[in-house]
Amino acid sequence: MPELPEVEVTRMGIASHLKDRRIVGVLVRDGRLRRPVNEDLAELLVGQRIQALERRGKYLLLHLDQGQLLLHLGMSGSLRVLPRHTPLRTHDHVDIYLDHDQVLRFHDPRRFGLVLWGSNWFADPLLAKLGPEPFDSCFNGAYLFRRSRGRQQPVKGFLMDNQTVVGVGNIYANESLFRSGIDPRRAAGRISLARYELLARTVVTVLQEAIAQGGTTLRDFTHPDGESGYFRLSLLAYGRAGQSCQYCGNCLREVRLAGRSTVYCPHCQH
DNA sequence: ACACGATCCTGACTGC
DNA sequence: TGCAGTCAGGATCGTG
């Protein structure tokens, strides 16, 4: 489900409900995630107060008095703040009970997500190797150009690599390359500085638009408040294989790149 | 170092 | 209706 915009929409939706709340209980119904949830999570968390909810790439960091709870939504995860006695759905794997009768509930059918306690996640290999945030000034065309020299990898895979830049998954990689007129199959090392400058600006614009529209709702992604994200209506490439290009009217084509569905316009993208 | 495929897991959907 | 096959927004690991 979530790329950077969906994670950021989640963060914005729940951060104010979490700030200064005290954790009064924890229930792990199924701790078998990408890595096992800490077995003693309740002992570790109960009594601590929540200071902030921060995002780094597609990771969320819940800052508590004595450390941080690292959260990742994987492909199918979601995180909501609910009244404590809200009925359970299947795959509601972790509940963190808060004062004021609320619960922070982690839901993840495919269990590719993470819920892990630690004291310094920024030093952990999971986060330490991440590339820049797309909204940071060091993410720009010159950076992409420099980093891509000599690389034969298709530019789409290069853009989705979270050591290049964090947060750009399959949907937004497709959209950014479409809007930039760059063929996703083109070798990353053979794209000009000028085109990378356009691509970097486009990535930022696409992600910002998606956040402003509440993210992209496919299948079950909804806001923390249950609303849908409307960026799906703005998708020009992703999910539109076989339909006509909004720019030139030709038929959009689909190929698989690094195992991921890739949609592009053979006429507009080079 | 680099690029790719397989893999973790469940659910939705397709076609027979 | 049922069953097999395919695919899905991520990230890591092993391979050549």
Side-chain angles (χ1 to χ4, degrees), chain A residues 1-10 29-37 55-60 70-79 89-94 106-116 121 124-131 134 146-177 184-190 203 206-207 210-211 213-223 228-232 234-235 237-242 254-263:
Chain A
M1 166 232 316
E3 299 182 37
L4 186 148
E6 292 72 38
V7 177
E8 180 62 14
V9 165
T10 297
R29 293 187 190 80
D30 190 342
R32 297 173 302 162
L33 304 182
R34 192 172 108 210
R35 277 155 60 164
V37 177
R55 182 187 58 74
R56 172 74 174 105
K58 298 170 195 167
Y59 290 91
L60 288 169
L70 183 73
L71 300 154
H72 194 287
L73 302 179
M75 291 277 263
S76 60
S78 60
L79 202 56
R89 298 177 296 170
T90 48
H91 312 299
D92 282 342
H93 300 314
V94 180
F106 176 86
H107 172 90
D108 185 9
R110 292 174 73 179
R111 290 193 277 113
F112 289 171
L114 288 176
V115 177
L116 286 174
W121 282 113
D124 188 280
L126 281 175
L127 298 195
K129 293 194 303 181
L130 294 178
R146 195 178 346 110
R147 195 178 162 84
S148 61
R149 289 311 88 183
R151 297 185 61 162
Q152 295 302 306
Q153 181 184 28
V155 62
K156 184 182 176 233
F158 171 70
L159 193 59
M160 290 176 66
D161 181 344
N162 62 23
Q163 295 189 46
T164 303
V165 60
V166 294
V168 182
N170 198 33
I171 293 177
Y172 299 109
N174 275 303
E175 293 304 299
S176 299
L177 290 164
R185 302 166 300 175
R186 177 175 283 273
R190 301 197 56 208
V203 165
V206 165
L207 295 176
I211 291 169
Q213 293 176 42
T216 300
T217 294
L218 297 171
R219 299 173 190 83
D220 63 348
F221 174 72
T222 53
H223 288 195
S228 292
Y230 290 96
F231 193 75
R232 186 169 58 85
S234 304
L235 296 176
Y238 182 86
R240 297 194 72 251
E254 178 165 10
V255 291
R256 294 198 83 75
L257 240 37
R260 313 303 294 274
S261 161
T262 303
V263 181

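Throughout, a chain's letter reflects where its sequence line sits, starting with A, and its residues are numbered from 1. None of the values given here were measured: they were computed from a predicted structure.
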Here the distance between atom P of C:dA11 and atom CG of A:D161, to the nearest Å, is 10 Å

Filtered N/O pairs between nucleotides 6-9 of chain B and protein, under 3.5 Å:
from, atom 1, to, atom 2, distance (Å)
B:dC9, O3', A:R111, NH2, 2.7
B:dC9, O2, A:R110, NE, 3.0

Between CG of A:L159 and P of B:dA3 the distance, given in whole Å, is 14 Å

Is the shortest side-chain N/O distance from A:Q153 to OP1 or OP2 of B:dC2 below 4.0 Å? no

For A:Y172, the ring pair (Phe, Tyr, Trp, His ring centres under 6.0 Å) test, sequence neighbours excluded, returns A:F231

Stems in DNA chain C, runs of 3 or more consecutive Watson-Crick or G-U wobble pairs with both distances under 3.5 Å, sorted by first number, are B:2-8 with C:10-16, B:10-16 with C:2-8

- Which part of the nucleic acid, if any, lies within reach of A:R256 when heavy atoms closer than 4.0 Å are counted: base, sugar-phosphate only, or nothing? sugar-phosphate

Those residues at least two apart in sequence (or on a different chain) that pass side chain to side chain contact (heavy atoms under 4.5 Å, CB included) with A:R29 are A:L27, A:L88, A:D92, A:D95, A:Y97, A:R105

A:H107 atom NE2 is separated from C:dG9 atom C1', nearest whole Å, by 14 Å

Regarding the side chain of A:R260, the nearest nucleotide among C:dG9, C:dA8, C:dA11 is C:dG9

Considering only heavy side-chain atoms of A:Y238, the closest of B:dA3, C:dA8, C:dG10 is C:dA8

Residues passing the side-chain hydrogen bond (donor to acceptor under 3.5 Å, both in side chains) test with A:D124, sequence neighbours excluded, are none

Rounded to whole Å, CG of A:L73 lies from P of C:dG9 at a distance of 15 Å

Q) Just to confirm, is there a sub-4.0 Å distance from OP1 or OP2 of C:dG9 to any side-chain nitrogen or oxygen of A:R232? A) no

Looking only at C:dA11, B:dT10, C:dA8, the nucleotide nearest the A:H91 side chain is B:dT10

The side-chain hydrogen bond (donor to acceptor under 3.5 Å, both in side chains) partner of A:N170 among A:K156, A:E175, A:R260 is A:K156

A:S176 meets the side-chain hydrogen bond (donor to acceptor under 3.5 Å, both in side chains) criterion, sequence neighbours left out, with none

query = Is there a donor-acceptor pair closer than 3.5 Å between any side-chain N or O of A:N174 and the backbone N or O of A:V263?
reply = yes

Residue set satisfying salt bridge (charged side-chain N to carboxylate O under 4.0 Å, His left out) with A:R56, at least two apart, ordered chain then number -> A:E133

Separation of C:dG9 atom C1' from A:L4 atom CG, nearest Å, is 12 Å

Whole-Å distance, A:L257 CG to C:dA8 P, equals 13 Å

note: A:Q163, atom CD; C:dG10, atom C1'; distance rounded to Å ~ 14 Å

With sequence neighbours left out, the residues meeting side-chain hydrogen bond (donor to acceptor under 3.5 Å, both in side chains) with A:E254 are A:S261

Open item on the list: Check this one for me: any side-chain N or O of A:H72 less than 4.0 Å away from OP1 or OP2 of C:dG10?
Closed with: no

When rounded to whole Å, the CZ to P distance for the pair A:F231 and C:dG9 reads 16 Å

Can you tell me how the ring of A:H107 sits relative to the ring of A:H91, calling it parallel under 30°, perpendicular over 60° and tilted otherwise? perpendicular

(Q) Please tell me if A:S261 has a side-chain N or O lying less than 4.0 Å from either OP1 or OP2 of C:dC7. (A) no

Taking for A:T90 and for A:Q152 the nucleotide of DNA chain B with the nearest heavy atom, the one nearer the 5' end belongs to A:Q152

- Item | Between C:dG9 and B:dA3 - C1' atom distance, rounded Å | 22 Å

By ring pair (Phe, Tyr, Trp, His ring centres under 6.0 Å), A:Y59 pairs with (sequence neighbours left out) A:H72

Q) Considering only the P atoms, how many Å lie between C:dC3 and B:dC9, rounded to the nearest integer? A) 23 Å

**Prompt:** So, is A:R89 near the phosphate of B:dG11, with a side-chain N or O under 4.0 Å from OP1 or OP2?
**Reply:** no

